[in-house]
Amino acid sequence: MTKHGFTLFLFLSAVAIATFRDEQEFCENESCNEREFDKSHFYSNGEIPLALSHKLLDALPLDEVDGNVIRTVKRSVFSESQPSPLKEPLTLAAVSQDVLRNILDLNESVIQNEEFVRCVSGGKLFPGSVPLAHRYGGHQFGYWAGQLGDGRAHLLGEYTNRKGERWEVQLKGSGKTPYSRSGDGRAVIRSSVREFLCSEAMHFLGVPTSRALSLVVSEEPVWRDPFYNGSVIKERGAVVLRLAKSWFRIGSLEILTRTGELDVLRTLLDFVIKEHFKSIATNDPDKYVVFFSRVLNETAHLIAHWMSVGFAHGVCNTDNFSLLSITFDYGPFGFMESYDPNFVPNTSDDEGRYSIVAQANVGLFNLQKLLEALKPLLTSDQLSQSQQILREYPQIYHQRFHELFKAKLGFLGNEEKDSYVIAFLL
């Protein structure tokens with residue numbers, strides 16, 4: 001391969017956390033597939049028939065302090081936190097019919113009910129919901145940022161649909177939590193439209209992603225400095241209800257290693273493996289090495305997939321880098337109409353850390369930080385194995401990227417010149 005071709009594929013090697021996993025838990029009871037709702041799709045008391053559960057509450061340690069007081073949280077994975085309703089009147093600006101029908105088993109008629117709008121904007125809770133804010137840390141722009149956490153998001157619970165799929169349901173822009181720091185816990189229309197449109201676009205482009213059910217906007221004023229130049233403007237508040245198989249990220253593990261909470265680290269990691277990496281035997285002494293290998297491989301596949309549709313992520317930090325095979329937290333991003341090596345999707349990224357040509361390096365950086373988080377749980381031999389796995393990442397990415405572009409071009413077989421043609425066309 002020419003130097004040009006090698007460089008092109010190497011820089012594209014990278015960033016996030018990989019192939020969508022079914023992870024379906026099929027119901028033993030046949031009625032799971034024959035669930036019947038009343039004709040109006042509402043219970044007699046007006047509640048939406050979307051009962052949530054919380055396996056997370058039983059399995060993982062919860063913050064002993066209650067309420068939304070801003071604080072440093074220790075020895076826990078979640079804190080209880082109540083959403084703050086947006087000021088009415090509210091407008092249901094967008095709904096994904098695919099998510100409504102095929103994930104949440106709801107009829108289109110529910111969107112006509114005011115109770116639905118309240119539930120998807122934080123004004124009322126779904127039955128069984130216990131709102132939680134997740135504690136995590138992470139590296140931002142290459143530097144450890146300490147405790148971060150869900151500063152404007154509330155995990156409402158889990159929903160198991162007719163197909164046996166389990167989805168975690170979360171509000172974004174729903175008010176302050178213990179992790180809000182100096183923020184107001186709100187989201188504005190700009191970021192909320194971006195979240196809604198991009199997650200649904202990525203799904204229908206075939207890229208593993210979180211999903212968005214709804215976008216609710218309010219007249220509630222929210223003050224922002226959109227260009228980070230000191231010019232604060234008044235914008236309108238909004239809330240997105242979004243779903244994912246899991247919202248855990250690399251920073252979920254990093255914060256526990258950094259604070260020396262290794263027992264909690266082991267508990268969380270074992271839970272993630274048991275629930276979301278079911279092919280890994282829980283009694284395998286090398287399960288953490290296998291886990292790292294799986295995450296690395298799936299990261300390569302995911303980033304190759306999103307780059308193949310011209311997507312570039314502008315905040316590929318470990319605090320929003322999924323431990324599963326999905327992209328989420330759509331901060332600054334861009335879809336390129338044509339390849340531009342200088343393209344930077346984040347206006348606050350003056351150094352170009354998240355530019356197109358740098359995304360592979362950021363992906364490698366994030367995987368290095370994941371391995372650092374796992375290090376206290378590994379033997380010296382397991383650490384050596386994991387470091388070797390890390391060195392294989394560029395080749396894994398290159399192979400997947402190559403496969404995707406060969407399919408685009410209709411190339412058959414495996415010819416050396418294929419790489420030259422793909423590089424030339426880009």
Side-chain angles (χ1 to χ4, degrees), residues 68 81-100 110-124 131 133 150-156 169-177 179-205 209-244 247 311-315 320 327-335 344-349 354:
N68 291 338
S81 176
Q82 293 295 319
S84 302
L86 284 173
K87 292 181 180 178
E88 298 188 9
L90 304 175
T91 301
L92 182 61
V95 173
S96 168
Q97 298 293 339
D98 183 61
V99 173
L100 190 75
V110 300
I111 67 177
Q112 305 300 325
N113 194 291
E114 292 182 1
E115 293 299 294
F116 174 81
V117 179
R118 291 192 179 97
C119 285
V120 299
S121 62
K124 184 175 181 178
D150 288 334
R152 56 177 177 171
H154 293 82
L155 176 60
L156 300 180
V169 181
Q170 186 189 74
L171 296 174
K172 187 173 182 179
S174 44
K176 287 186 177 182
T177 76
Y179 309 101
S180 295
R181 293 173 288 166
S182 60
D184 56 19
R186 291 302 187 197
V188 297
I189 293 178
R190 284 181 298 109
S191 62
S192 301
V193 167
R194 181 174 63 209
E195 177 84 26
F196 183 92
L197 287 182
C198 194
S199 59
E200 291 306 281
M202 293 284 272
H203 170 72
F204 285 101
L205 286 168
T209 178
S210 56
R211 302 296 304 277
L213 168 67
S214 59
L215 167 62
V216 175
V217 299
S218 166
E219 296 297 331
E220 179 172 331
V222 179
W223 298 92
R224 290 290 184 269
D225 179 3
F227 296 105
Y228 304 99
N229 61 3
S231 298
V232 177
I233 63 173
K234 183 173 75 171
E235 302 189 58
R236 294 169 63 189
V239 170
V240 172
L241 187 143
R242 58 186 194 164
L243 305 92
W247 295 104
F311 176 82
H313 207 306
V315 283
N320 57 27
T327 55
F328 60 62
D329 279 357
Y330 288 100
F333 71 88
F335 279 101
V344 180
N346 188 341
T347 57
S348 61
D349 182 10
Y354 303 110

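For Gln97, the CD atom sits in a packed shell: over 12 heavy atoms of surrounding residues, nucleotides or ligands are nearer than 6.0 Å. Sparse packing is recorded around OH of Tyr228, with 12 or fewer heavy atoms of other residues, nucleotides or ligands lying under 6.0 Å away.
What you find for Leu155 and Trp247 is that their closest heavy atoms are CD1-CD1, 4.0 Å. Taking each heavy atom of Ser199 and Thr209 in turn, the nearest pair found is O-CG2, 3.4 Å. Of all the heavy atoms in Pro221 and Lys234, the pair that sits closest is CB-CD, 3.6 Å. Here the closest heavy-atom approach between residue Asp150 and residue Tyr179 is recorded as O-CB, 3.8 Å. Considering all non-hydrogen atoms of both residues, Asn320 and Val315 come closest at OD1-O, 2.8 Å. Between Arg152 and Ser191, the shortest heavy-atom contact is NH1-OG, 4.2 Å.
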Worked check of side chain to side chain contact (heavy atoms under 4.5 Å, CB included) between Phe335 and Leu205 = CA-CA 12 Å; Phe335 279 101; Leu205 286 168; 4.1 Å; yes

Taking it one step at a time, do Asp98 and Phe204 satisfy side chain to side chain contact (heavy atoms under 4.5 Å, CB included)?
-> CA-CA 10 Å; Asp98 183 61; Phe204 285 101; 4.0 Å; yes

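A donor-acceptor pair under 3.5 Å is formed between the side chain of Asn68 and the backbone N or O of Lys176. Gln82 contributes no side-chain N or O that, together with a main-chain N or O of Pro131, makes up a donor-acceptor pair within less than 3.5 Å. Without hydrogens or angle criteria, Ser96 side chain to Leu213 main chain gives no donor-acceptor distance under 3.5 Å. Proximity of a side-chain donor or acceptor of Asp225 to a complementary backbone N or O of Val232 within less than 3.5 Å is not detected. Here the side chain of Ser218 pairs a donor or acceptor atom with the backbone of Lys87 at under 3.5 angstrom.
Looking at Arg242 and Asp329, their side chains come closer than 4.5 Å, going by heavy atoms from C-beta outward. The closest side-chain heavy-atom distance from Cys198 to Met202 is below 4.5 Å. Within the 4.5 Å cutoff, no side-chain heavy atoms of Val99 are placed close to those of His203. Inter-residue side-chain proximity for Arg224 and Arg186 is flagged as met; some heavy-atom pair is nearer than 4.5 Å. Using a 4.5 Å heavy-atom threshold, the side chains of Val222 and Asp184 count as touching. Using a 4.5 Å heavy-atom threshold, the side chains of Lys172 and Ser210 count as separate. Residues Glu219 and Thr91 fail the side-chain proximity criterion, which asks for heavy atoms closer than 4.5 Å. In this structure, Val217 and Ser192 have side chains that are not in contact, with every pair of non-hydrogen atoms separated by 4.5 Å or more.
To the nearest 0.5 angstrom, Ser121 atom OG is 9.5 Å from Leu241 atom CG. Note: Phe116 CZ to Leu100 CG = 5.5 Å, rounded to the nearest 0.5 Å. Distance check: Tyr354 OH to Asp349 CG gives 7.0 Å after rounding to the nearest 0.5 Å. Atom CG in Leu215 sits 8.0 Å away from atom CG in Leu92 (nearest 0.5 Å).
Looking at residues two or more places apart in sequence or on another chain, you find a side-chain contact (heavy atoms from CB on, under 4.5 Å) between Glu88 and Leu90, Arg118. Qualifying ring-ring contact (aromatic ring centres under 6.0 Å, His included) partners for Phe196, counting only residues two or more places apart in sequence or in other chains: none.
Ionic pairing of Glu220 and Arg236 is not present here: no N-O contact between side-chain nitrogen and carboxylate oxygen is shorter than 4.0 angstrom.
Side-chain contact of His154 with Thr177: a donor-acceptor pair under 3.5 Å is absent, judged by distance alone.
Ring orientation note: the planes of His313 and Tyr330 are close to parallel, at an angle under 30° on the 30°/60° scale.
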